[in-house]
Amino acid sequence: MLCHFMMMGDVAKDLISGTIGGASQLIVGHPFDTIKVKLQSQSAPLPGQPPKYAGAMDAVRQTLAAEGLRGLYKGMGAPLATVAGLNAVLFMVRGQMEALLRSESGASLTVNQQIVAGAGAGVAVSFLACPTELIKCRLQAQSALAHSGSASVAVKYGGPMDVARHVLRSEGGVMGLFKGLVPTLAREVPGNAAMFGVYEALKQYMAEGPDTSKLGRGSLVVAGGLAGASFWIFVYPVDVIKSVVQVDDYRNPKYTGSMNAFNRILASEGLKGLFKGFGPAMARSMPANAACFLAFEVARSALG
């Protein structure tokens, strides 16, 4: 019975710490994410025509000019409203998988075991991340789609709940909110496996051994930032596919599915089309994930 209560205590601590870490990540990283989605979702320009955004900095300038600072935080309501669930589930499942993989109580996990734990956490979090990402991407991509003349702009969203209501009413009900689940899984599983594996490897390297409990905050910031970067290095093209599928018009779709989106982007834009927005994603990943891991570790330590 005592063991059961101790396990429940660990779950609660992971839930609370994961929520704090996720909120920190969102506040630091959302403007970068907005620019990433704008670049990903803009259509290829017609021959002789320039794209809406010439690059990341141009997207920032145009967004600030047209929408002000709040434009960089567009779509933040959906992930902020669910950040408790997303990050709590991610770190809770990872914590429970660590407990299953641990050879004995208190033993440190190997890097390979952290990779397995991260992959398992990625599966669980995908089912929460998919509808959240769909709502966020729809809001973030509106201005880019408006420039392209896409049929998608026939729908104008007033906010996260407006997106959810529209999808539930006009795009297949609840299942419509899970459009893009396959690429979401293909992003979250290997991405989180890489991120948690790299995080543990870097911590053990800096600690010169498996006991990383004495590492300072500066080391955690470096490890968390580089771990976050590894997430995107491994799965970025999949994220591009996820974004274009989720913002695609329901009644007049440009793509028939994830593989069709992949093939068409590759055919029309080449390999660089699968890396649209990569700069902002990488610029976001290091500070945002450094903030997330540091906040998680500090909160988890404070909770005992």
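Atoms considered below: every heavy atom in the structure, side chains included; atoms not considered: hydrogens, waters and symmetry mates.
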>> With side-chain contact (heavy atoms from CB on, under 4.5 Å) as the criterion, how do Phe231 and Asn192 come out once you've worked through the C-alpha distance, each side chain's angles and the decisive distance to 0.1 Å?
In response: CA-CA 6 Å; Phe231 181 107; Asn192 280 294; 3.9 Å; yes
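- By the 4.5 Å heavy-atom criterion applied to side chains, Met282 and Ile233 are counted as neighbours.
- Formation of a donor-acceptor pair under 3.5 Å by the Asp33 side chain with backbone atoms of Gly29 is not found in this model.
- Residues Val238 and Leu185 are members of separate hydrophobic clusters, defined by side-chain heavy-atom contacts under 4.5 angstrom among Ile, Leu, Val, Met, Phe, Trp and Tyr.
- A salt bridge between Lys254 and Asp249 is absent, with no side-chain N of the basic residue lying under 4.0 Å from a carboxylate O of the acidic one.
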>> Go through it in stages, so that I can follow the logic: the residues are Thr63 and Lys74, the test is side-chain contact (heavy atoms from CB on, under 4.5 Å), and I'd like the CA-CA distance, side-chain angles, deciding distance and then a yes or no.
In response: CA-CA 10 Å; Thr63 301; Lys74 186 169 285 185; over 6 Å; no
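- Note on Phe91: it clusters hydrophobically with Val298, by side-chain heavy-atom contacts below 4.5 Å among ILVMFWY residues.
- Within a 6.0 Å sphere centred on CZ of Phe234, other residues, nucleotides and ligands contribute 12 heavy atoms or fewer.
- Taking the side chain as every heavy atom from C-beta outward, Trp232 and Arg284 approach each other to under 4.5 Å.
- Contact check for Phe293 versus Met195: side-chain heavy atoms found under the 4.5 Å cut-off.
- Of the inter-residue distances, the one linking Leu177 atom CG with Ile135 atom CD1 reads 6.0 Å to the nearest 0.5 angstrom.
- Hydrophobic clustering, with ILVMFWY side chains joined whenever heavy atoms are under 4.5 angstrom apart, groups Leu39 together with Leu64.
- Looking at heavy atoms from C-beta onward, Thr184 lies out of side-chain contact with Leu134 at the 4.5 angstrom threshold.
- Ionic pairing of Lys276 and Asp239 is not present here: no N-O contact between side-chain nitrogen and carboxylate oxygen is shorter than 4.0 angstrom.
- Contact of the Leu274 side chain with the Tyr236 side chain is not registered, since no non-hydrogen atoms from C-beta on lie closer than 4.5 Å.
- In this structure the side chain of Asp248 never reaches within 4.5 angstrom of the side chain of Val245, judged on heavy atoms.
- Distance alone, capped at 3.5 Å, is enough to place a donor-acceptor pair between the Thr19 side chain and the Leu15 backbone.
- The hydrophobic cluster containing Val111 does not contain Val116, counting ILVMFWY residues as joined when their side-chain heavy atoms lie under 4.5 angstrom apart, directly or transitively.
- Judged by distance alone, the side chain of Ser108 and the main-chain N or O of Pro210 form a donor-acceptor pair under 3.5 Å.
- Once rounded to the nearest 0.5 Å, the distance linking NE2 of His30 with CD1 of Ile35 reads 10.0 Å.
- Of all heavy-atom pairs between Ser230 and Ala194, the closest is OG-O, 3.6 Å.
- Hydrophobic clustering keeps Ile20 apart from Ile27 (ILVMFWY residues linked when any side-chain heavy atoms are closer than 4.5 Å, directly or through intermediates).
- Residue Glu133 forms a side chain to side chain donor-acceptor pair (under 3.5 Å) with just one option from Arg187, Lys179, Gln246, Arg138, and that option is Arg187.
- A 4.5 Å side-chain heavy-atom check between Val163 and Leu139 finds at least one atom pair inside the cut-off.
- Distance check: Phe32 CZ to Leu72 CG gives 9.5 Å after rounding to the nearest 0.5 Å.
- Among all heavy-atom pairs drawn from Ser126 and Glu188, the shortest one is OG-CB, 3.2 Å.
- Between the side chains of Gln114 and Glu98, at least one donor-acceptor pair of N or O atoms lies under 3.5 Å.
- Smallest separation of non-hydrogen atoms from Gly118 and Phe196: CA-CD1, 3.6 Å.
- To the nearest 0.5 Å, atoms CD (Glu171) and NE2 (His166) are separated by 4.0 Å.
- A 4.5 Å side-chain heavy-atom check between Pro183 and Phe262 finds every atom pair outside the cut-off.
- Atom CG of residue Asn87 and atom CD1 of residue Ile16 lie 14.0 Å apart, to the nearest 0.5 angstrom.
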>> Between Asn289 and Gln25, is the side-chain contact (heavy atoms from CB on, under 4.5 Å) condition met? List the steps.
In response: CA-CA 6 Å; Asn289 284 284; Gln25 180 185 46; 2.9 Å; yes
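- Nearest heavy-atom pair across Gly22 and Cys292 is N-SG, 4.2 Å.
- Annotation for Ala299 and Ser17: closest pair C-OG, 3.6 Å, computed over non-hydrogen atoms.
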> Given Arg300 and Asp10, is the side-chain contact (heavy atoms from CB on, under 4.5 Å) satisfied, shown in steps?
Replying inline: CA-CA 9 Å; Arg300 191 66 174 81; Asp10 286 340; 3.5 Å; yes
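- Interatomic distance, NZ of Lys52 versus CG of Asp58, reported as 8.5 Å (0.5 Å rounding).
- Here the closest non-hydrogen pair linking Phe178 and Pro131 is CE2-CD, 3.9 Å.
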